[in-house]
Amino acid sequence: MLRSKLAELIAAVRDGTVGTEEALDRLEKLPYEDVGFARIDHHRTLRRGMPEVVYAPGKTPDQVLAIVDRMIASGTPVLVSRVDPGVASLLACHHPESVHHESARLVSIGGVDRRQGGLVVVVSAGTADIPVAEEAALTAEFAGSPVERFYDVGVAGLHRLLPGLDLMRRAACIVAVAGMEGALPSVVAGLVACPVVAVPTSVGYGASFGGLAALLAMLNSCAGGVAVVNIDAGFNAGFVASLVARVASAEPR
């Protein structure tokens, strides 16, 4: 349930157009919905400020569609992550308003119209890191944060980062995405006052061990204020950054 829908229900009870028992009945049915293979959490928006996100891998296309159908029916915007083209096409057939963000492997239906909270800036070390960076940026936008992007500014050409300093210093939270040796978040954190969410990617040659080298480098950052999420976890980074930016601006959900 969205916060706005709950406000409408409270107003209806106050105005007498909805009785107390009917309101209680609606609320009792809403916390989660059991569809057999999934229990859909309809109250996550109220608790966390963002709806439950559907992780597509491991589910059949029909299961993903069924979950999305029930979320849409409840009036909740939907974000589906790690979507392959087949699932994206199926969702588009049943929900023409859906948007497939191909690079980020996301499908969004609806979202928060009003931008709220502080600015989230997403930076990437290289062009190859952009898919993970876009997953972070789009997730933060879906959650309602204003987002700016600044890509391909890694330490192989550190001078490219300098034109973005003013932008990064206006941010309430920065997401720094890097593979290879994972140095970019440490550099960024040494230049700004806001928290930096570091995202290691699996981009790199053999000794990068699929992102493990970048992960360990970020965990051992000598710059303070760096928090690290899992390898290629753009969604997690975008969600955390949006929460930080919202709290930093002292705006309610």
Close side-chain approach of [X] to [Y], heavy-atom, < 4.5 Å:
X      : Y      : value
Val197 : Val229 : yes
Val68  : Val80  : yes
Ser124 : Val153 : no
Leu91  : Leu65  : yes
Glu135 : Leu106 : yes
Val196 : Val175 : no
Val121 : Leu119 : yes
Leu165 : Leu191 : yes

- Which is it for Ile130 and Thr127 under the side-chain contact (heavy atoms from CB on, under 4.5 Å) test, yes or no, and what are the steps along the way? CA-CA 5 Å; Ile130 289 177; Thr127 302; 4.0 Å; yes
- What is the minimum heavy-atom distance between Ala233 and Val199, and which atoms define it?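 Ala233 and Val199 have their closest heavy atoms at N-CG1, 3.9 Å.
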- Item | Over all atoms of both residues, closest heavy-atom pair of Val228 and Pro200 |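 So the two residues come closest at CG1-CD, 4.2 Å.
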- Message: Check this for me, if you would: do Arg105 and Glu134 make a salt bridge, where the nitrogen-to-carboxylate-oxygen distance has to be below 4.0 angstrom?
- Response: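 Salt bridge flag = no for Glu134 with Arg105.
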- Would you kindly say whether Asp232 and Ser202 are connected by a side-chain donor-acceptor distance under 3.5 Å?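 On atom types as modelled, these side chains qualify, holding a pair under 3.5 Å.
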- Query: Is there a chain of hydrophobic side chains (I, L, V, M, F, W, Y, each step under 4.5 Å between heavy atoms) that links Val147 to Val177?
  - Reply: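 Yes; Val177 is reachable from Val147 via cluster members.
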- Can you get from Leu162 to Tyr151 by hopping between Ile, Leu, Val, Met, Phe, Trp and Tyr side chains that sit under 4.5 Å apart?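 Looking at the clustering, Tyr151 is in a separate group from Leu162.
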Straight-line distance of [X] [atom1] to [Y] [atom2], nearest 0.5 Å:
X      : Y      : atom1 : atom2 : result
Ile174 : Phe150 : CD1   : CZ    : 10.5 Å
Tyr55  : Ile67  : OH    : CD1   : 13.5 Å
Leu184 : Asp129 : CG    : CG    : 8.5 Å
Phe235 : Asn230 : CZ    : CG    : 13.0 Å

- Worked check of side-chain contact (heavy atoms from CB on, under 4.5 Å) between Leu158 and Val187: CA-CA 9 Å; Leu158 197 54; Val187 174; 3.9 Å; yes
- side chain to side chain donor-acceptor pair (under 3.5 Å) with Asp152: which residues, sequence neighbours excluded?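 Asp152: side chain to side chain donor-acceptor pair (under 3.5 Å) contacts with Arg160.
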- Message: Can a donor-acceptor pair be found, under 3.5 Å and without considering hydrogens, that links the side chain of Ser242 to the backbone of Phe239?
- Response: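 Looks like no, no N/O pair under 3.5 Å.
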